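Since the structure is predicted, the reported quantities are computational estimates derived from the model, not experimental observations. Residue numbers count from 1 along this sequence.
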Amino acid sequence: MAFLSRSILALSVALLSNNVFSQKQCDVELRHGLIITDDIIRIVDKGQTRVQINNNNQLFIRGYWIDLSDDESKVLEQFSSGIRQTVPELVNLATDGVNLGLSAIEHVVEGMTDKESEVLKTQLQYVERALMDKFKRGDDFFFIAPQSLSKIDDFFTKDISKKIHSAVHGSLGAILMSLGDAFKSREGNIEDRMNDMSQRMDIISSEIDKSLQEKARQLELKAAEYCECLNALDVTESRLQAIVPGMVNFDLVQIKS
């Protein structure tokens, strides 16, 4: 079983060795959730839309329309544009790669055993749910939850990686049990199936490592750009709050340093 231990060790290293934002940190916090469509931006608090911007030029707070002058509408448009320039790309970067990694895990594990691994499916659902609680995109919307952007690395290298790790190890238990059953009943070639498992574990390790490393590289390249955009967005938000004091209650961008 030494080959299996080596594969598990390699997988563990692949999952836990990445360090997103290792050189640069953007200490910015989004204090509310955001839902963005082609025409509407919603600032969400506790599942409720508190602020809504329609077509970049109409502002609603708690469902009430706020009348703005032309000059004030320009500030609102700058605020809306700043959100649209930053958040959808961040959501795309956060979700791309992880979904591919989950598909890769499921693909390489299936076929190892005649017994379908419900453990794997359940664990991967936990991973997907954790991801969608923070970042989600559909055909016509983007969603990002309240969070500190400087902690995105913790989310991927700790939370997501641990959940993926649990999923793979949980499925291995079912696979080993199936192989043991095959050995006892002398069905199939146990040595060939164990070798096949070793090769597939190597593939899992390689695919996860590739996916997370690429994500780390992409987010590191964007770290400084996000900081600049979000700092500019914070300035614009402050201008908008001076025009519409009700916006202070739903302060979106907080710069911590």
Side-chain angles (χ1 to χ4, degrees), residues 20-21 24-96 130-155 218-219 221-257:
V20 181
F21 294 161
K24 298 180 181 179
Q25 282 203 342
C26 185
D27 205 0
V28 178
E29 183 176 339
L30 294 179
R31 302 185 69 185
H32 301 282
L34 278 170
I35 300 173
I36 302 172
T37 66
D38 289 341
D39 303 323
I40 298 173
I41 292 175
R42 291 186 174 92
I43 297 178
V44 181
D45 180 50
K46 297 178 181 178
Q48 298 293 321
T49 297
R50 305 301 186 183
V51 175
Q52 182 169 319
I53 303 172
N54 294 347
N55 299 312
N56 298 328
N57 58 20
Q58 287 185 326
L59 176 63
F60 295 82
I61 299 179
R62 296 184 184 273
Y64 292 96
W65 175 57
I66 307 299
D67 189 17
L68 300 175
S69 68
D70 290 344
D71 288 341
E72 291 169 344
S73 293
K74 289 179 181 177
V75 178
L76 177 64
E77 185 175 355
Q78 290 175 4
F79 180 63
S80 177
S81 297
I83 292 174
R84 291 185 180 279
Q85 288 170 6
T86 306
V87 174
E89 185 177 13
L90 181 60
V91 173
N92 279 332
L93 286 175
T95 53
D96 284 343
L131 180 64
M132 289 192 297
D133 283 346
K134 290 278 190 178
F135 308 94
K136 190 174 182 179
R137 65 179 179 183
D139 293 336
D140 57 354
F141 77 94
F142 296 90
F143 165 76
I144 187 169
Q147 59 189 290
S148 171
L149 298 188
S150 64
K151 300 297 183 183
I152 288 180
D153 58 336
D154 287 343
F155 176 64
Q218 290 174 332
L219 288 171
L221 290 174
K222 286 293 180 181
E225 182 181 331
Y226 286 146
C227 271
E228 292 173 7
C229 290
L230 290 168
N231 272 279
L233 183 61
D234 185 50
V235 172
T236 305
E237 184 178 35
S238 295
R239 292 175 59 200
L240 186 60
Q241 289 169 347
I243 296 168
V244 185
M247 288 288 293
V248 175
N249 296 325
F250 308 106
D251 188 43
L252 179 64
V253 182
Q254 184 178 75
I255 309 295
K256 291 191 172 183
S257 64

What's the separation between atom [atom1] in [X] and atom [atom2] in [Y], rounded to the nearest 0.5 Å?
| X | Y | atom1 | atom2 | result |
| --- | --- | --- | --- | --- |
| Asp234 | Cys229 | CG | SG | 13.0 Å |
| Phe79 | Leu233 | CZ | CG | 5.5 Å |
| Leu76 | Asp71 | CG | CG | 13.0 Å |
| Leu30 | Gln254 | CG | CD | 10.5 Å |

Write down the atom of [X], the atom of [Y], and the distance for their closest heavy-atom approach.
| X | Y | answer |
| --- | --- | --- |
| Pro146 | Gly33 | CG-N, 3.4 Å |
| Leu230 | Ile255 | O-CD1, 4.1 Å |
| Arg137 | Val91 | CB-CG1, 4.1 Å |
| Pro88 | Ile83 | CD-O, 3.6 Å |
| Ile61 | Val244 | CD1-CG1, 3.6 Å |
| His32 | Asn249 | NE2-O, 4.3 Å |

Using side chain to side chain contact (heavy atoms under 4.5 Å, CB included) as the criterion, list what pairs up with [X], not counting sequence neighbours.
| X | result |
| --- | --- |
| Lys136 | Met132, Phe141, Phe143 |
| Ser80 | Ile41, Ile53, Asn56, Arg84 |
| Ile243 | Leu68, Glu72, Val75 |
| Val44 | Ile35, Arg42, Thr49 |

Residues in side chain to side chain donor-acceptor pair (under 3.5 Å) with [X], at least two apart?
| X | result |
| --- | --- |
| Gln147 | none |
| Asn54 | Gln52 |
| Arg31 | none |
| Asp39 | none |

Can a donor-acceptor pair be found, under 3.5 Å and without considering hydrogens, that links the side chain of Glu237 to the backbone of Leu252?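 Judged by distance alone, yes, a pair lies under 3.5 Å.
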4.5 Å side-chain heavy-atom contact, [X] and [Y]:
| X | Y | answer |
| --- | --- | --- |
| Glu77 | Ser81 | yes |
| Phe142 | Asn92 | yes |
| Asp140 | Thr37 | no |

Step by step, would you call Leu59 with Met247 a side chain to side chain contact (heavy atoms under 4.5 Å, CB included)? CA-CA 10 Å; Leu59 176 63; Met247 288 288 293; 4.2 Å; yes
